[in-house]
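Below: the structure, in structure tokens.
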Amino acid sequence: MKKIAPSILSGDILNLSEEIKLLEEAGVDFLHIDIMDGIFVPNITAGWNLVEAIKARTDIPLDVHLMIDRPERYIEQFVKSGADILTVHFEGTTHLHRVVERIRELEASPGVAINPGTPVDFLSEILDYLDLVLVMSVDPGFSGQEFIYSALFKIEKLHGIIQKRELETQIEVDGGIKVINIAEAANSGADIIVSGSGILGTKNYIETINEMRERI
């Protein structure tokens with residue numbers, strides 16, 4: 001079953017509780033929370049205090065994506081605040097295995113994200129240790145960008161590697177996903193599909209998510 005994870009920072013931050021209620025009604029699988037530090041990406045969002053506030057208001061699992069430099073400095077705080085999945089960037093840390101193992105020790109699911117310019121092959125030595133790989137289909141930093149279609153080939157290749165190794169690692173895709181292209185992302189092998197403005201930029205979240213489910 002393919003899963004849908006709305007990226008909540010594309011919504012109305014001043015009415016986040018109402019946004020989450022609507023997403024609960026739509027039966028989404030995860031809430032995707034992007035954390036940006038203004039260093040790793042040219043944008044700044046919130047910190048673990050936002051994760052903690054959201055965790056207190058919903059039972060939907062939280063999929064926290066750290067687009068930050070040297071994430072090892074903060075993983076304890078994010079897990080403690082309520083991250084169920086914690087994803088760090090391959091490009092953001094030197095000692096990736098150590099970070100992944102620490103996330104698992106803290107009893108969260110470890111994920112690793114790769115930017116559009118990072119080859120799937122770079123994950124060869126870490127893949128067996130991961131619960132999730134996030135393939136970025138835009139350059140990270142801002143919502144509303146156009147989908148980079150070469151990501152589909154990366155997802156297909158990664159899916160083949162995972163099957164060949166008989167792993168249970170899930171593939172997530174994030175960036176530029178809308179109703180019109182969600183089927184392509186799903187058919188390429190993505191298990192979890194993140195959509196920001198593709199859901200939260202529409203007038204009726206429930207109708208949009210239902211249509212997405214029909215297409216996948």
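Residues Lys55 and Leu62 meet the side-chain proximity criterion, which asks for heavy atoms closer than 4.5 Å. Considering only heavy atoms from C-beta on, Lys178 comes within 4.5 Å of Asn181 through its side chain. Taking 4.5 Å as the limit, some side-chain heavy atom of Leu127 sits within range of a side-chain heavy atom of Ile161. Side-chain contact between Ile33 and Ile54 is present, with heavy atoms from C-beta onward closer than 4.5 Å. When side chains are defined from C-beta on, Leu66 does not count as touching Tyr74, because their heavy atoms never get closer than 4.5 Å. Using a 4.5 Å heavy-atom threshold, the side chains of Lys80 and Glu52 count as separate. In this structure, His95 and Glu72 have side chains that are not in contact, with every pair of non-hydrogen atoms separated by 4.5 Å or more. Inter-residue side-chain proximity for Thr87 and Leu132 is flagged as met; some heavy-atom pair is nearer than 4.5 Å.
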Run the side chain to side chain contact (heavy atoms under 4.5 Å, CB included) test on Thr93 and Leu96 for me, step by step, so that the C-alpha distance in whole Å, both residues' side-chain angles and the decisive distance to 0.1 Å come before the verdict.
CA-CA 6 Å; Thr93 183; Leu96 185 60; 3.7 Å; yes
List the steps, then state whether side chain to side chain contact (heavy atoms under 4.5 Å, CB included) holds for Leu31 with Asp63.
CA-CA 6 Å; Leu31 293 179; Asp63 172 25; over 6 Å; no
May I have the step-by-step check of side chain to side chain contact (heavy atoms under 4.5 Å, CB included) for His97 and Glu125, ending in yes or no?
CA-CA 9 Å; His97 179 268; Glu125 304 304 323; over 6 Å; no
Set out, in order, the CA-CA distance, both residues' side-chain angles and the distance that settles side chain to side chain contact (heavy atoms under 4.5 Å, CB included) for Val120 and Ile114, then state yes or no.
CA-CA 8 Å; Val120 166; Ile114 52 173; 4.1 Å; yes
Evaluate side chain to side chain donor-acceptor pair (under 3.5 Å) for Asp34 paired with Ser7, printing each intermediate quantity in order.
CA-CA 7 Å; Asp34 289 317; Ser7 182; 3.0 Å; yes
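Ile162 and Phe153 are assigned to two separate hydrophobic clusters, defined by single-linkage of ILVMFWY side chains at heavy-atom distances under 4.5 Å. Tracing side-chain contacts under 4.5 Å through hydrophobic residues (I, L, V, M, F, W, Y), one never reaches Ile192 starting from Phe147; they form parts of separate clusters. In the hydrophobic clustering of this structure, Ile8 does not group with Ile44; members are Ile, Leu, Val, Met, Phe, Trp, Tyr whose side-chain heavy atoms approach within less than 4.5 Å, directly or through other members. Residue Leu23 is grouped with residue Ile177 when hydrophobic side chains (ILVMFWY) are merged at heavy-atom distances under 4.5 angstrom, including chains of intermediate members. Val138 and Tyr149 fall into different hydrophobic clusters, where Ile, Leu, Val, Met, Phe, Trp and Tyr residues are linked whenever their side-chain heavy atoms come under 4.5 Å apart, directly or through other members.
Relative orientation of the His89 and Phe40 rings is tilted, given thresholds of 30° and 60° on the angle between their planes.
The closest donor-acceptor contact from the side chain of Arg57 to the backbone of Ala53 lies under 3.5 Å. At least one donor-acceptor pair under 3.5 Å links the side chain of Asp191 to the backbone N or O of Ile171. Ser188 places no side-chain N or O within donor-acceptor distance of the main-chain N or O of Ile155, the cut-off being under 3.5 Å. Asn204 contributes a side-chain N or O that, together with a main-chain N or O of Ile206, makes up a donor-acceptor pair within less than 3.5 Å. A donor-acceptor pair is defined here as one N or O able to donate and one able to accept, closer than 3.5 Å; such a pair exists between the side chain of Thr202 and the backbone of Ile199. A donor-acceptor contact shorter than 3.5 Å is absent between the side chain of Arg102 and the backbone of Glu76. Here the side chain of Glu91 pairs a donor or acceptor atom with the backbone of Asn115 at under 3.5 angstrom. Between the side chain of Lys154 and the main chain of Ser137, no donor-acceptor pair closer than 3.5 Å is present. A donor-acceptor contact shorter than 3.5 Å links the side chain of Thr45 to the backbone of Met36. In terms of modelled atom types and a separation under 3.5 Å, the side chain of Glu19 and the main chain of Asp12 share a donor-acceptor contact.
The line from CD1 of Ile182 to CD1 of Ile193 is 4.0 Å long, rounded to the nearest 0.5 Å. Here the straight-line distance linking atom CD of Gln163 with atom CG of Leu158 works out to 10.5 Å at 0.5 Å rounding. Here the CG-OG distance, from Leu9 to Ser197, works out to 12.5 Å after rounding to the nearest 0.5 Å. To the nearest 0.5 angstrom, Ile75 atom CD1 is 7.0 Å from Leu86 atom CG. Atom CE of residue Met212 and atom CD1 of residue Ile180 lie 10.0 Å apart, to the nearest 0.5 angstrom.
Looking at every heavy atom in both residues, Glu184 comes nearest to Leu152 through O-CD2, 3.6 Å.
Looking at Arg98 and Glu101, no side-chain N of the basic residue comes within less than 4.0 Å of a carboxylate O on the acidic one, giving no salt bridge. Taking the charged nitrogens against the carboxylate oxygens, Glu18 and Lys21 do have a contact shorter than 4.0 Å, which makes a salt bridge. Ion pair Asp128/Arg165 flagged as a salt bridge, since at least one NZ, NE, NH1 or NH2 atom sits closer than 4.0 Å to an Asp/Glu carboxylate oxygen.
For the salt bridge (Lys or Arg N to Asp or Glu O under 4.0 Å) test, residues two or more places apart in sequence or in another chain that qualify with Arg213 are Asp29.
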